[in-house]
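Scroll down for the structure; my scribbles are underneath it.
Letters A, B, ... are given to chains in the order of the sequence lines, protein chains preceding strands, and every chain is numbered from 1.
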2 protein chains.
Amino acid sequence: MHNNQFKKGELYSFITGKASTAIARRLQKKLNQAELNITIEQWSVLYHLWKKHGLSQQELCNATFRDKPSITRLVDNLEKQNLVKRVPSENDRRINLIYLTKQGQKLEEQTMRLADQTLTEALKTVPASKIEMCKEVLQIVYNNLT
Amino acid sequence: MHNNQFKKGELYSFITGKASTAIARRLQKKLNQAELNITIEQWSVLYHLWKKHGLSQQELCNATFRDKPSITRLVDNLEKQNLVKRVPSENDRRINLIYLTKQGQKLEEQTMRLADQTLTEALKTVPASKIEMCKEVLQIVYNNLT
DNA sequence: TTTGATTAGTTGTATAAACAACTATATGCA
DNA sequence: TGCATATAGTTGTTTATACAACTAATCAAA
């Protein structure tokens with residue numbers, strides 16, 4: 001099959017991200033059912049803060065592939081819900097360091113379990129070797145475009 | 001490698017759809033540079049109308065995996081830009097059939113070329129066999145979740 | 001040291017998505 | 001026929017994204 005010929009047929013689902021949209025919706029549904037009252041976008045910010053406390057907003061931009069206004073507003077909403085706190089950096093007064101509150105820390109275990117469940121459901125029946133290859137392709141795509 | 005162990009590590013990019021987000025952004029940039037003045041979401045609706053004229057809004061919902069309010073507003077905006085027209089169905093007065101205007105029809109060739117370019121750039125250096133396998137995995141994921 | 005450029009973050013505006021509640025029309029069955 | 005139910009589409013609200021324009025702080029080079 002010619003590469004180009006192939007691509008045309010697959011164009012739509014690659015561009016619209018059918019699969020990742022479905023994964024995100026499933027996780028959102030689980031978060032709602034557990035009455036955790038956070039969005040997947042908020043979860044994706046918390047995810048990085050659980051791994052490393054006290055990231056700056058700019059670091060969150062890089063980690064989550066969002067622009068600065070998006071992070072400003074996500075942090076606004078997370079702060080309103082008392083899940084994180086902005087702390088001005090002492091070294092550089094332009095920078096806000098974002099810290100989890102106790103409430104924000106508490107969400108880690110449960111939401112990570114839900115995320116893990118979501119992926120288990122999504123990748124059910126897919127052999128590990130194929131997942132690995134798929135992951136590689138998606139990483140190459142990302143690298144090609146950034 | 002244990003399947004479960006694998007998944008935890010990949011959790012983030014699977015859920016956030018890094019790759020498809022990057023593809024969509026690249027296409028949006030091309031549309032902007034060509035001053036076509038449409039969003040990728042609008043493009044995704046037009047895409048289905050180019051394939052088949054006179055779809056109902058509900059059919060557009062199914063085709064684009066969006067809910068009804070989303071399609072209502074996308075069609076609103078496409079109509080404002082004179083790219084499509086709502087035509088009440090004669091058989092069933094609940095239904096709007098959506099038709100392309102001449103202006104909407106004209107966009108097909110150029111935007112499909114840009115979409116094709118985008119995928120060529122995204123999949124550059126990825127062998128066709130791997131793309132095929134990746135496509136299969138993404139389809140299974142989608143089926144698993146819907 | 002001063003000034004011009006860079007970096008971090010915010011605000012305004014437009015578009016879009018998800019959910020709930022709503023209207024209007026059609027269908028099906030008693 | 002008539003009423004309950006299902007279907008198609010709209011509207012309201014909240015959250016998120018992208019882009020542009022903005023402020024404040026820092027850096028760097030003359």
DNA chain C nearest-nucleotide lookup for B:Glu41 and A:Asn32: closer to the 5′ end is B:Glu41
Check whether any side-chain heavy atom of A:Lys130 sits under 4.5 Å from a side-chain heavy atom of A:Met133, and report yes or no. no
Taking side chain as C-beta onward, heavy atoms only, is B:Thr64 less than 4.5 Å from A:Thr16? no
Looking across every strand, which nucleic acid part, if any, lies under 4.0 Å from B:Gln28 by heavy atom: base, sugar-phosphate, or nothing? nothing
Considering only heavy atoms, which members of residues 19-27 of chain A lie under 4.0 Å from some atom of DNA chain C? A:Arg25
What pairs meet the salt bridge (charged side-chain N to carboxylate O under 4.0 Å, His left out) rule with one or both residues in residues 44-68 of chain B, with sequence neighbours excluded? none
Under 4.0 angstrom between B:Thr39 side-chain N/O and D:dA18 OP1 or OP2: no
What residues from residues 92-105 of chain B pass a heavy-atom cutoff of under 4.0 Å to DNA chain C? B:Asp92, B:Arg93, B:Arg94
Going by heavy atoms closer than 4.0 Å, what residues in residues 68-77 of chain B are next to DNA chain D? B:Lys68, B:Pro69, B:Thr72, B:Arg73
Where along residues 52-67 of chain B does a heavy atom come under 4.0 Å from DNA chain D, residue by residue in number order? B:Ser56, B:Gln57, B:Gln58
Distance-minimising heavy-atom pair for A:Ala19 and B:Leu138: CB-O, 3.6 Å
Quick one: does B:Thr101's side chain have a donor or acceptor within less than 3.5 Å of a partner on B:Asn82's backbone? yes
Side-chain contact test, heavy atoms from C-beta onward, threshold under 4.5 Å: evaluate it for A:Thr72 versus A:Gln57 and give yes or no. yes
Pair B:Gln81, B:Asn77 - check side-chain hydrogen bond (donor to acceptor under 3.5 Å, both in side chains), show working. CA-CA 6 Å; B:Gln81 295 177 259; B:Asn77 284 334; over 6 Å; no
Contact between A:Leu27 and A:Thr111 at the side-chain level, heavy atoms closer than 4.5 Å - yes or no? no
Whole angstrom value for the distance that separates C1' of D:dA25 from CD of A:Glu90: 16 Å
Report for the helix from C:dT1-D:dA30 to C:dA30-D:dT1: angle between first-end and last-end helix axes, five pairs each, rounded to 10 degrees. 10°
Within the structure provided, determine whether A:Leu60 and A:Leu49 are in side-chain contact (heavy-atom separation under 4.5 Å). yes
Between A:Thr125 and B:Ile140, what is the shortest heavy-atom contact and its length? OG1-CG2, 3.6 Å
Counterpart residues, side chain to side chain donor-acceptor pair (under 3.5 Å), relative to A:Gln58 (two or more places apart): A:Asn62
Cluster check B:Leu74, B:Leu97: I/L/V/M/F/W/Y, side chain < 4.5 angstrom: no
Using heavy atoms to find the nearest nucleotide of DNA chain D for A:Asn91 and A:Ile40 separately, return the residue whose nucleotide is more 5′. A:Ile40
Heavy atoms of chain B, cut-off under 4.0 Å: which first and last nucleotide of DNA chain C, 5' to 3', fall inside that, if you could look? C:dT15 to C:dA26
How far apart are the closest heavy atoms of A:Leu114 and A:Ala34, and which atoms are they? CD1-CB, 4.1 Å
If you look only at pairs with a residue in residues 20-29 of chain A, which of them pass as a side chain to side chain donor-acceptor pair (under 3.5 Å), with sequence neighbours excluded? A:Ser20-B:Ser20, A:Arg26-A:Glu121, A:Gln28-A:Asn32
Please list all pairs passing the ring-ring contact (aromatic ring centres under 6.0 Å, His included) test where one or both residues lie in residues 58-101 of chain B, with sequence neighbours left out. B:Phe65-B:Tyr142
What pairs of residues pass the salt bridge (charged side-chain N to carboxylate O under 4.0 Å, His left out) test when at least one of them lies in residues 90-105 of chain A, not counting sequence neighbours? A:Asp92-A:Arg94
Heavy-atom closest pair, residues A:Trp43 and A:Ala115: CZ2-CB, 3.7 Å
Contact list for residues 76-85 of chain A, test salt bridge (charged side-chain N to carboxylate O under 4.0 Å, His left out), sequence neighbours left out: A:Asp76-A:Arg86, A:Glu79-A:Arg86
